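Data block below; observations after.
Source: prediction; values computed, not measured.
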Amino acid sequence: MSERNTVVRALHDLGAAAWFGGSLMGAVGLNGAAAAAKDPQERTRLSSIGWARWTPWQVAGIVAHAIGGIGVLIGNRRRVAVQREAQGASIAKVVVTAAAMGVTAWAGLQGSTVARRSQEGAQGATEPDSGSSDELASAQRQLKAAQWLLPVLTGALVVIGTIHGEQQRGPAGVLDMARRRRR
């Protein structure tokens, strides 16, 4: 029986890469570019259009990451059952993935409020101005926090995936498995 999980690993890693890269590019590139629009109404409108176009791809990345993660966990279930490091990394990955999904959903809700109120205008996609309603200003402040939290969380997923890969290679995992078998 093969120990390779190439397809599910690729889904897992490509999904995380899309999720991380899209979140970071949106925060830096899209929102930054939209903030440069001369018309305050265009700033929120253009950012909202860009995020709406990215959303299906973001969802596809999240789904690919989740399917791949489940596949990797199934493929490594025996190792995870006996290797403490793999157990810890797996638990961390599940917790961070759930947090990233929650923040993504939260950002989507705040973004829909910004899109709905884009006619009010603002200093930027996540920066209200003095004429912004309380609802728009609140959504923008929350969106600003989410746009920076997402790359941190999804970047952590990439790092945890790397840790998992290293655990399979090194003698530490083999030694841990041998110790457990002796008990």
Side-chain angles (χ1 to χ4, degrees), residues 9-37 40 42-70 72-73 85 87-118 120-130 132-166:
R9 282 180 186 273
L11 279 172
H12 178 264
D13 294 347
L14 288 171
W19 198 1
F20 170 78
S23 298
L24 186 59
M25 191 283 182
V28 176
L30 176 61
N31 288 351
E42 286 292 289
R43 295 173 190 152
T44 48
R45 187 181 82 77
L46 290 173
S47 177
S48 296
I49 290 169
W51 280 109
R53 291 186 69 151
W54 172 246
T55 296
W57 295 97
Q58 182 91 323
V59 170
I62 294 167
V63 169
H65 176 72
I67 290 170
I70 291 166
V72 168
L73 187 58
E85 291 90 356
Q87 290 168 0
S90 296
I91 290 167
K93 189 185 294 184
V94 168
V95 169
V96 174
T97 298
M101 287 178 169
V103 172
T104 299
W106 173 46
L109 289 172
Q110 301 315 312
S112 67
T113 299
V114 171
R116 199 174 58 252
R117 301 191 73 84
S118 65
E120 293 179 28
Q123 286 184 22
T126 59
E127 293 80 26
D129 66 17
S130 58
S132 298
S133 66
D134 290 343
E135 184 181 11
L136 176 59
S138 174
Q140 286 181 300
R141 282 191 295 275
Q142 292 178 61
L143 197 54
K144 187 172 195 155
Q147 83 175 0
W148 296 113
L149 188 53
L150 267 173
V152 169
L153 290 170
T154 55
L157 288 175
V158 172
V159 171
I160 295 168
T162 302
I163 291 168
H164 264 161
E166 291 296 312

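Proximity of W148 to L24: side-chain heavy atoms (C-beta onward) are separated by under 4.5 Å at one or more points. Annotation: side chain of L73 is in contact with side chain of S90 (closest heavy-atom distance under 4.5 Å). Looking at N31 and Q147, their side chains come closer than 4.5 Å, going by heavy atoms from C-beta outward. A heavy-atom distance below 4.5 Å is found between the side chains of Q140 and T44.
Smallest separation of non-hydrogen atoms from A125 and L143: O-CD2, 4.5 Å. Contact detail for V103 and L150: the closest heavy-atom pair is CG1-CG, 3.6 Å. When all heavy atoms are compared, the tightest approach of A34 to L46 is CB-CB, 4.5 Å. For the pair W54 and G22, the tightest heavy-atom approach, listed with the atom from each and the gap, is CZ2-CA, 3.6 Å. Shown here for L30 and S47, the closest heavy-atom pair between the two residues is CD2-O, 3.8 Å. Pairing each heavy atom of A122 with each of S132, the nearest pair is CB-OG, 4.2 Å.
One finds the CD atom of E120 at 14.0 Å from the CZ atom of R43 (value rounded to the nearest 0.5 Å). To the nearest 0.5 Å, atom CD of residue Q110 and atom OG1 of residue T126 are 12.0 Å apart.
Judged purely by atom type and a 3.5 angstrom limit, H65 uses its side chain to pair as donor or acceptor with the backbone of H12. Under a 3.5 Å cut-off, the side chain of S118 and the backbone N or O of A115 do form a donor-acceptor pair.
Under 3.5 Å, the side chains of S133 and R117 contain a donor-acceptor pair of N or O atoms. In this structure, a donor-acceptor pair under 3.5 Å is absent between the side chains of Q142 and T113.
In terms of the salt bridge (Lys or Arg N to Asp or Glu O under 4.0 Å) criterion, residue partners of R116 (sequence neighbours excluded) are, by chain and number, E135.
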Show the numbers, then the answer: is there a side chain to side chain contact (heavy atoms under 4.5 Å, CB included) between W19 and L157?
CA-CA 10 Å; W19 198 1; L157 288 175; 3.8 Å; yes

